[in-house]
Amino acid sequence: MRWLTLILGVAILAGVASVVIVLRDGGTGSGTASAGQTAPSTPMVGSPTHSVFTDPCGTFETAATTPYAVSGYWLIPTSDPCTWRRQLEAIHRLGGDTVVRLGFGLSPRETDDDGQVLEASTPEGKDPKPDARYARCVENGLPCVKQAEKELQAANAGNRITRTYVYRTDERFGPGIFRCPQMEHEIVVGDDVFFRLVAPEDGSDDPTCDFTREGRGYHLILVSAGARDSLSELLDLGDRFGIKVFPALPLAPRDPEESTRADPRHIGTLTTLTRRVLQDYGDRFKGRESLGGVYQPFELQLRDWPDPSKVQTLQVYAEQHLIVEQELPDKPILVSPYIDSRRRVKYTSTPSQVAQGFKELARTGVEIIAPQDGRGTGKVGLFWPNWKNKPVDDSLKPVVGESTYATAYYGSTRDYYRAMSLARQELVQEGVQVELWANVEAFEPSTSTENCGRQGTRGRTDKPRLDTQVTLAAPYVSKIISYMWSDFFTCGSPSLSEEIAADWDRPIPIEAQRRARQIQDGMEIRGYHLGTAKVTLSWPGLDTPRVVDSATVGWHDTTPIQGLPAGTEKIWIPVDWATVPDDVWIRVEVTSADGRKSAEPVYYHNTG
C-alpha cells in the first residue's frame, strides 16, 4: 500500500484529509514502496470510495489524517461490530492498512460415558467436569458427541469415534466447511451455534464420504461458533477503509510436555480443520481485496536449530502451510516469531543464529515473516554499537537486572533485523520469496503506572519509545506492524493512539549514510517527515555541534525507496568530511521546522 502526503499547512487549514490510503493492485499489502514510483493524484482501485459513511454504529470517516510509520496492528476478536468499526476507523486514521486478527486453538478433549465434553484442565484431586460451553450442544435429546456416534454406527456398526476435538470461534462458517453433508452439519440450539465435522482418524479427510463400506475410527471436531460471522463483518470494514485483514489459522494443540512446542500427533486433525476453514473462505470470500492473507498464530522462537527436520513446530507449520498453498494459493501466510537475545538465559541466540532460523522458517511456506522486536518483553534491547557499555534502560532491569547492554544482550534490535535482512536476500537468490516485516511491541516488560485491560502485568509504552523502535528496525524491513491495538494503543488518557495522532509528523530518522550528490560530498538521511528539517551533527571532541538547515542548503526527495516501508523519504546535506575525524560515531539529530526533535538520533560511524 502507498500513502500520499499532502502539504501539512494546507491540510491543517483546510481541515481535509492529508492522506488517502490506496491499495496496490495485486499486492499483498506489505506497504513496500517501489523505486521510481510517485504518489498518484487520485485514489487507485481498491481505495475507500467515500470519505464519510453512516450505519447503526454511527458516522465514520474513511480518510486517514495522521499517518504514522506503523501501518498494521493486531486485534483481539470482539462480539461487538461497533467495536470493530471504532478500531478500524482509528487504525485507518493513523495510516494503518493492515490488521492481524488473533484466533483460537484446536483442543483435544476427553469425554465421559454420557458423551459430554470435559473441561480442558481440572484441579489436582478433582474429578473432571463437563465443559459448560459444549454441554449446550444437544441433538435429538442426546449430547452432540453421542448423536454423532449413533449416526456413524447406523452407517456401519464398526464405526467409532476414537477422539474428540473442540474448536471455539466467533466466526460462522458457510456450507464450504462441510465435506460429507450426510454426516456433518450445523447445529443451532437457541442462541448457540455449533458445527459438527467428522473425519477419518488417519487425517486423510477422505473425499469419498463412504461411511458404510468398512468400520473405521473417526475424529469428531465440535466447533462452537458465532451467531454472526465476525470475519465477514471485519472484511466488510476492510473494504470500507482500504485495510487488509489477516485472520488466524486454527492454532495447533500444544505439546503437554513442553507448551512452547506444537504437538505433531494432532497434525492430521489440525490440517483437516484448516482445510475445511480455508475451503469455506475460498467459497465465501473469493476475490475479496480485504482478505490480505492468513496468520500463523503458533509462536516460535527464532534460533539456529541443529536439525530443523526434528523441530516439532516447524513440522506442524509445514503441514498446515501446505494446506494454505492448496486452498488459498494467492494469499500469503504471515508469521511473527520472537527473538531472545539475553546472554544470561539458556537457549537464546546471536543475530547470525537468528538469521539461520529465519531461513528455515521461510522454507515452511510462509511469505511474510514479522519478527517481534523484543523490546516490549525486554528480550532484546534498543541500543547502538557505541552504546554497548552504557547501563540498560530502567524499564529493562526487571528482565535483565543491573547491567550494561553488552553484558545483557548478544545484540540490539538493529543487529537482528540487519542479519535477517541479509538472510532474506540470500533466500531470494535461492528462489525462496519472503518478505521481512518488523513487529514492534507497544508495551513495557512490566507496568509501573497503569494496567491495560486484558494485558496482564504489562503496561503500554509511549510514542517516543515507539519512535525509537521504528528508528532501529526500519532500514531493514519493508513494513512495520505492532502488537497490539487492543489494549496497548487504546488504554490511558491520552491513549497511545491519541499521542500518535497529536504528534504524527514528528521526524523519525532511520539511517544516515555518507553520500555525494553531483560533485559535492555530504550525508543522506532516511526516515519519516524529514522535509524542512534541521540536522545537528556532533561527535566526541567537537566543542560546538554543527547545525545544517536542509531546507536552505540541502535537498529533499519523497520518491518511494524500494524495499523500505511506505512513507520513508530522504534528505541530503553537504558535509565537509575533511573536518570530521576518522573512526568517530557521528550523532545525527533531526529537528522539524517547528522545533520538534526526533525521539532518537541516528549514528554514522565515520570509518574514513
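None of these values were measured; they are calculated from a predicted model.
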Any side-chain heavy atom of Pro308 within less than 4.5 Å of one from Leu361? no
- Ring geometry between Tyr165 and His219 (parallel below 30°, tilted from 30 to 60°, perpendicular above 60°): tilted
>> Are there over 12 heavy-atom neighbours, none belonging to Asp191, within less than 6.0 Å of that residue's CG?
In response: no
- Can you tell if the side chain of Phe194 reaches within under 4.5 Å of the side chain of Cys144, non-hydrogen atoms only? no
Pairwise side-chain contact, Phe241 with Ile91, heavy-atom cut-off 4.5 Å (strictly under):
no
### Heavy-atom check, side chain of Arg101 versus side chain of Glu171, under 4.5 Å
yes
Could you tell me whether the side chain of Leu220 reaches within less than 4.5 Å of the side chain of Arg196, counting heavy atoms only? yes
*asked:* Under a 3.5 Å distance rule, please check whether Thr169 uses its side chain to pair with a backbone N or O of Ala225 as donor and acceptor.
replied: no
Can you check salt bridge (Lys or Arg N to Asp or Glu O under 4.0 Å) on Glu89 and Arg93, steps first, answer last? CA-CA 6 Å; Glu89 182 196 22; Arg93 186 173 294 140; 2.9 Å; yes
* Can you list the steps and then say if Lys150 with Glu139 is a salt bridge (Lys or Arg N to Asp or Glu O under 4.0 Å)? -> CA-CA 11 Å; Lys150 180 180 178 181; Glu139 289 187 275; over 6 Å; no
Arg288 and Asp236: CA distance, side-chain angles, deciding distance, salt bridge (Lys or Arg N to Asp or Glu O under 4.0 Å) verdict: CA-CA 9 Å; Arg288 289 290 291 268; Asp236 289 344; 3.0 Å; yes
Would you check if the side chain of Arg172 reaches a backbone N or O of Ala227 as a donor-acceptor pair within less than 3.5 Å?
yes
* After noting the C-alpha distance and the side-chain angles of Glu289 and Lys244, does the key distance pass the salt bridge (Lys or Arg N to Asp or Glu O under 4.0 Å) rule? -> CA-CA 7 Å; Glu289 282 290 326; Lys244 300 279 192 181; 3.3 Å; yes
When the ring planes of Phe178 and Phe195 are compared, do they come out parallel, tilted or perpendicular, using 30° and 60° as the limits?
tilted
| request: Run the numbers on Gln301 and Thr260 for side-chain contact (heavy atoms from CB on, under 4.5 Å), then give the verdict. | output: CA-CA 9 Å; Gln301 181 183 346; Thr260 62; over 6 Å; no
From the list Asp206, Asn159, Thr162, side-chain hydrogen bond (donor to acceptor under 3.5 Å, both in side chains) with Arg216 holds only for Asp206
For this session: May I ask you to decide if the ring planes of Trp437 and Phe246 are parallel, tilted or perpendicular, using 30° and 60° as cut-offs?
Result: perpendicular
Could you check whether atom CG of Asp307 has more than 12 heavy atoms from other residues, nucleotides or ligands sitting under 6.0 Å from it?
yes
Residues passing the salt bridge (Lys or Arg N to Asp or Glu O under 4.0 Å) test with Arg265, sequence neighbours excluded, are Asp263
**Prompt:** Under 3.5 Å, is there a donor-acceptor pair linking the side chains of Glu319 and Gln315?
**Reply:** no
- Query: Between the main-chain N or O of Val198 and the side-chain N or O of Glu184, is there a donor-acceptor pair closer than 3.5 Å?
  - Reply: yes
Between Trp485 and the options Trp84, Tyr73, Phe443, Trp74, the ring pair (Phe, Tyr, Trp, His ring centres under 6.0 Å) test singles out Tyr73
- Taking Glu110 for its side chain and Asp112 for its backbone only, find out whether a donor-acceptor pair lies under 3.5 Å. no
